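Contents: one structure, followed by commentary.
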There are 2 protein chains.
Amino acid sequence: MARLAGVSPATVSFVLNRTPGQTISDETRQRVLRAVAELDYRPNRAAQGLRHGRSATIGFVSHDSDFGVFAAAAIKGAHEVSIRHGNLLLLVNTGGSTRQAAQLVGELLDRQADALIFAVAGTKSVVVPEEAARVPTVLLNCFVPDDAFPSILPDEVRGGREATQALLGLGHRDIAYLTGTTSAWATKARLRGFREALRGAGLDPRNHTVLSGNYHADSGHELTRKLLRHRGPLPTAIMCGNDRMAVGALLALLEAGVRVPEDVSVMGYDDQFELAGEVRPTLSTVRLPYDAMGRLAAEELDAGGPAVQTGRTLVHCPVVLRDSTAAPAPRAGA
Amino acid sequence: MARLAGVSPATVSFVLNRTPGQTISDETRQRVLRAVAELDYRPNRAAQGLRHGRSATIGFVSHDSDFGVFAAAAIKGAHEVSIRHGNLLLLVNTGGSTRQAAQLVGELLDRQADALIFAVAGTKSVVVPEEAARVPTVLLNCFVPDDAFPSILPDEVRGGREATQALLGLGHRDIAYLTGTTSAWATKARLRGFREALRGAGLDPRNHTVLSGNYHADSGHELTRKLLRHRGPLPTAIMCGNDRMAVGALLALLEAGVRVPEDVSVMGYDDQFELAGEVRPTLSTVRLPYDAMGRLAAEELDAGGPAVQTGRTLVHCPVVLRDSTAAPAPRAGA
DNA sequence: CTGAAAGCGCTAACAT
DNA sequence: ATGTTAGCGCTTTCAG
């Protein structure tokens with residue numbers, strides 16, 4: 001014990017914490033510091049936590065069957081700002097089961113987590129274990145029907161709109177949309193943005209092909225083949241539900257000898273790490289700012305307010321233009 | 001306090017923990033349990049930890065600039081078995097900096113983490129903060145020069161060898177290898193496995209093209225184009241440093257009108273989540289069992305032995321055959 | 001069979 | 001200006 005080394009029990013605490021309103025003689029301070037250095041003593045934060053009722057720990061609940069790209073990015077963001085505030089992340093994965101979620105939130109609370117981040121990969125409505133309400137909790141990429149917890153969500157409508165506008169800006173007038181899973185919240189929102197943008201440019205969405213897929217690369221491949229088979233003139237641009245579908249589309253187009261972006265532009269969505277920026281041609285896409293969302297969540301929590309600020313915060317998804325999009329080739333009919 | 005509800009202070013502890021060698025009358029037990037249920041009381045694990053000197057928490061140090069696919073998989077595995085043993089993961093990311101690593105290991109230790117997992121995405125030698133030695137520590141996908149900590153590593157030589165043997169088994173005799181970053185441990189090991197397999201089949205590795213890339217999709221693309229430009233007869237199979245390079249290769253081949261697997265077989269490495277199984281054709285590859293490695297690490301730690309069992313544990317990387325490989329087409333010269 | 005008491009490592013209020 | 005005391009919530013001898 002540092003106390004043996006010096007000659008004081010709680011004085012150490014005063015010195016180490018610079019307790020305000022406490023004045024310590026320079027001599028003792030030195031003595032303490034020397035002892036601390038010698039034993040390289042570090043306060044036991046579990047004990048501090050017990051005293052303070054605060055563990056300097058934030059529970060991160062990944063409510064998915066797997067940790068994936070989403071969780072990794074969100075965790076990175078949350079970690080980054082938590083660290084800055086002296087907090088660490090206590091991580092659990094529920095496997096997507098509501099029962100497991102309740103169980104694990106219990107474990108987190110037992111360990112006195114000061115706050116909770118509840119995150120899901122595919123934006124959607126979730127059931128949050130009610131015990132979560134005992135501490136400040138933020139929902140990341142998900143929400144509850146009554147908005148009892150504050151949510152942080154990507155602004156998918158705007159993302160879809162701006163992606164479409166980017167294409168329109170390049171001169172495209174015939175844009176096909178290969179959607180992700182139709183039932184998904186994000187799919188609907190992106191599609192809505194797509195239609196808004198078309199209407200905004202004076203075009204009729206009903207003249208534009210929309211095909212339903214499932215967010216997997218092979219569905220992008222398949223739908224693009226359908227596009228190639230069935231239509232007369234190919235659209236000059238293809239928007240895809242996400243980057244993986246875009247990669248599938250790319251493969252199908254190349255197989256058919258269609259050049260990207262000379263003959264057709266392709267737009268993804270997600271800006272998926274190690275994918276969008278690396279395929280050839282590199283993919284124009286919309287950045288899903290999971291890391292920023294994680295940061296935001298942690299900021300709300302670290303700020304620590306009783307934090308039952310409610311409501312939904314939408315985070316902007318910026319368009320990232322790379323090589324898979326270009327102005328359409330002048331058409332014969334033009 | 002549950003104690004108020006019943007009429008006992010520490011008896012609660014006996015009941016809840018079924019303390020061996022303690023015998024409790026059925027009546028009191030019921031009383032306690034009823035009170036516990038009513039207040040849905042749960043013991044404070046921070047306090048338990050303080051008492052026991054054990055936090056039921058394992059520190060997971062991701063020593064990379066980012067959380068990525070690797071960390072996500074390894075964490076998933078480690079989480080899975082930790083949970084089963086009643087432990088939770090306390091997660092930190094060092095950004096790859098040794099100084100940050102020391103700092104964060106400090107934070108973990110201050111919070112009384114019972115053990116540490118130190119993980120890196122690209123297999124390599126690392127500098128582990130020396131304080132890590134205060135608790136059982138396992139190195140995941142990395143090692144220290146003197147093997148002072150036990151390491152868990154993928155068996156890359158065998159992976160490379162078996163991937164090559166799979167191709168040889170299909171009848172391929174001319175296999176090109178597009179490597180990842182040459183300086184990487186994994187690259188060398190996989191290449192060694194490649195050569196061992198060739199020699200094992202009575203072939204001379206020097207007759208096989210080996211081109212150096214960097215594990216990114218675009219380098220797979222570029223090297224494949226080089227292959228297409230420079231060589232007379234294309235090899236019948238191309239092994240790639242990883243799946244992303246394989247996707248690059250796929251794109252380049254399709255662009256050139258070369259069919260996969262009819263004209264050329266392509267083999268990846270990693271079995272990357274959401275990639276290898278989804279591109280068209282689906283990628284034959286070697287599974288890098290990061291989740292299993294994570295599980296293994298947690299198992300060694302949860303077993304909790306003083307656990308300074310040292311040495312390196314190699315984990316098998318099984319070949320996964322999908323659609324991008326097939327028997328070579330009969331050649332004119334054959 | 002159960003309660004009282006001490007103590008894990010720390011800090012906040014209260015004496016000195 | 002420093003040291004004492006009590007207590008955070010739990011477990012564990014040790015007496016009853």
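Keep in mind the model is a prediction, meaning the values are calculated, not measured. Chain naming here is simple, since letters A, B, ... match the order of the sequence lines and numbering starts at 1 in each.
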Between dT11(C) atom C1' and Asn44(A) atom CG, what is the distance in whole Å? 13 Å
Of Glu27(A) and Phe14(B), the one whose nearest nucleotide on DNA chain D sits closer to the 5' end is Glu27(A)
Nearest-Å distance, CD (Gln22(B)) to C1' (dC14(D))? 11 Å
Between Arg51(B) and Ile24(B), the residue closer to the 5' end of DNA chain C by nearest nucleotide is Ile24(B)
Which nucleotide sits closest to the side chain of Ala47(B): dC1(C), dG9(C), dG9(D)? dG9(D)
From the options dT11(D), dC1(C), dT11(C), select the nucleotide whose nearest atom is closest to the side chain of Asn17(A). dT11(C)
When you check the phosphate oxygens OP1 and OP2 of dC10(C), does a side-chain N or O of Ser13(A) lie under 4.0 Å from one of them? no
Using a cut-off of less than 4.0 Å, is there contact between a side-chain N or O of Thr11(B) and OP1 or OP2 of dG3(C)? yes
dT11(C) OP1/OP2 closer than 4.0 Å to side-chain N/O of Gln48(A): yes
Side chain of His52(B) - closest among dT11(C), dT12(D), dC10(D): dT12(D)
Output yes when Arg54(B) and Asp114(B) qualify as a salt bridge under the 4.0 Å nitrogen-oxygen rule, no when they do not. yes
Could you tell me how far apart Arg54(B) (CZ) and dG9(C) (P) are, to the nearest whole angstrom? 17 Å
What is the distance from CG of Leu50(A) to P of dC8(C), rounded to the nearest Å? 13 Å
Whole-Å distance separating the CG atom of Asp26(B) from the C1' atom of dC1(C): 12 Å
When you compare the side chain of Arg295(B) with that of Asp291(B), does any pair of heavy atoms fall below 4.5 Å? yes
Tell me: CD of Gln112(A) to C1' of dG9(D), nearest whole Å? 9 Å
Can you check the Leu16(A) CG to dA12(C) C1' distance for me, whole Å? 16 Å
With a cut-off of less than 4.0 Å, is there a side-chain N or O of Thr28(B) near OP1 or OP2 of dT2(C)? yes
Could you check whether the rings of Phe143(B) and Trp185(B) sit parallel, tilted or perpendicular, using 30° and 60° as the cut-offs? tilted
Taken to the nearest whole Å, OH/Tyr41(A) to P/dG9(C) is 9 Å
From Leu108(B) atom CG to Glu131(B) atom CD, the distance as rounded to the nearest 0.5 Å: 11.5 Å
Under 4.0 Å, heavy atoms only, any strand: does Ser25(B) hit a base, just the sugar-phosphate, or nothing? sugar-phosphate
Sole residue of Gln100(B), Gln103(B), His63(B) in side-chain hydrogen bond (donor to acceptor under 3.5 Å, both in side chains) with Thr94(B): His63(B)
Picking from dT11(C), dC1(C), dC10(C), which would you name as closest to the side chain of Pro43(A)? dC10(C)
